[in-house]
Amino acid sequence: MKMSSGVEWALHSCVTLSQSHEPVPAARLAELHGTPPAYTAKHLQALSRAGIVHSTMGQVGGYTLTRPASEISALEVVQAIDGDEPAYRCAEIRQRGPLGIPAERCSRPCAIARAMTAAQDAWSRALAQLSIADLAADIDADSNGTAMPDIRRWLTTARVR
């Protein structure tokens, strides 16, 4: 399964937002993650349309999560950025060519389509069970407990405008 780079940036942005009690400007998120500001803003807009983040305007404006990080799944973020279309689409190749099977004999999806659907379902279930809070905890554990305090400290330093 191939996902766009925007998924990674959006997940990191959501983890970052989970550490802030105040709105974080898109430019600040782009700076933290070393991503192009316009591309970051585009993905934040997609997250906003999906109801994952909320934007506020003004001097202290920026983005905040709409719900606690424990209630936002990684799957929601992936789908907000890349859509919810399945990775595999069956073209019913078994009905083509010199040995094609008549459509009336194809009462259920073929073995390949079933396998791909099962894999997609497993992938979706795994991401649905993983929250932004889980990701933040895992990132923090990977850093021996320094990543989230470092993010919180960085967010409270002078903001980019």
Side-chain angles (χ1 to χ4, degrees), residues 1-90 109 113-161:
M1 165 124 359
K2 184 173 181 167
M3 290 179 273
S4 71
S5 60
V7 168
E8 179 183 9
W9 296 353
L11 287 166
H12 276 283
S13 291
C14 287
V15 167
T16 299
L17 292 174
S18 76
Q19 301 304 302
S20 182
H21 297 293
E22 309 220 351
V24 179
R28 190 79 167 138
L29 289 168
E31 179 187 3
L32 176 63
H33 300 299
T35 58
Y39 198 59
T40 300
K42 172 187 166 189
H43 292 300
L44 287 166
Q45 290 169 0
L47 292 172
S48 181
R49 283 190 301 275
I52 296 169
V53 300
H54 172 76
S55 66
T56 53
M57 305 299 274
Q59 183 72 7
V60 293
Y63 289 86
T64 56
L65 296 177
T66 58
R67 295 171 272 153
S70 61
E71 295 177 13
I72 300 171
S73 74
L75 181 62
E76 289 178 80
V77 175
V78 170
Q79 290 177 337
I81 302 301
D82 280 357
D84 60 1
E85 291 293 317
Y88 176 80
R89 288 180 186 81
C90 180
R114 292 191 311 268
M116 298 304 268
T117 298
Q120 175 86 37
D121 290 347
W123 179 84
S124 294
R125 272 192 308 278
L127 289 178
Q129 293 171 358
L130 183 66
S131 73
I132 296 301
D134 295 331
L135 289 172
D138 289 347
I139 290 168
D140 209 37
D142 289 348
S143 71
N144 293 318
T146 62
M148 295 306 112
D150 285 350
I151 287 172
R152 288 189 295 271
R153 198 169 21 264
W154 190 86
L155 288 170
T156 61
T157 63
R159 293 178 148 199
V160 172
R161 291 286 176 198

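Side chains of L127 and S73 form no contact here, defined as non-hydrogen atoms less than 4.5 Å apart. The side-chain heavy atoms of E31 and W154, taken from C-beta on, include a pair separated by under 4.5 Å.
Listed by first then second residue, pairs satisfying salt bridge (Lys or Arg N to Asp or Glu O under 4.0 Å) with a partner in residues 114-126 number zero, not counting sequence neighbours.
When the side chain to side chain donor-acceptor pair (under 3.5 Å) test is applied to D140, no partner is found at least two apart in sequence or on another chain.
Taking CG of D150 as the start and OG of S143 as the end, the distance is 7.0 Å to the nearest 0.5 Å. Rounding to the nearest 0.5 angstrom, the gap separating the CZ atom in R67 from the CD1 atom in I72 is 5.0 Å. Of the inter-residue distances, the one linking Q79 atom CD with I52 atom CD1 reads 9.0 Å to the nearest 0.5 angstrom. Note that CD1 of I132 is 10.5 Å distant from NE2 of H12, once rounded to the nearest 0.5 Å. Here the CG atom belonging to L11 is positioned 10.5 Å from the NE2 atom belonging to H33, to the nearest 0.5 angstrom. A distance of 8.5 Å separates NZ in K42 from CD1 in I81, rounded to the nearest 0.5 Å.
Here the shortest heavy-atom pairing between G6 and Y39 reads N-OH, 4.0 Å. Of all non-hydrogen atoms in Y63 and V53, the two that sit nearest each other are CD2-CG2, 3.7 Å. Considering every non-hydrogen atom in both A136 and S18, the closest pair reads CB-OG, 4.1 Å.
T40 and R28 are not linked by any side-chain donor-acceptor pair at a separation below 3.5 angstrom, with hydrogens and angles left out of the test.
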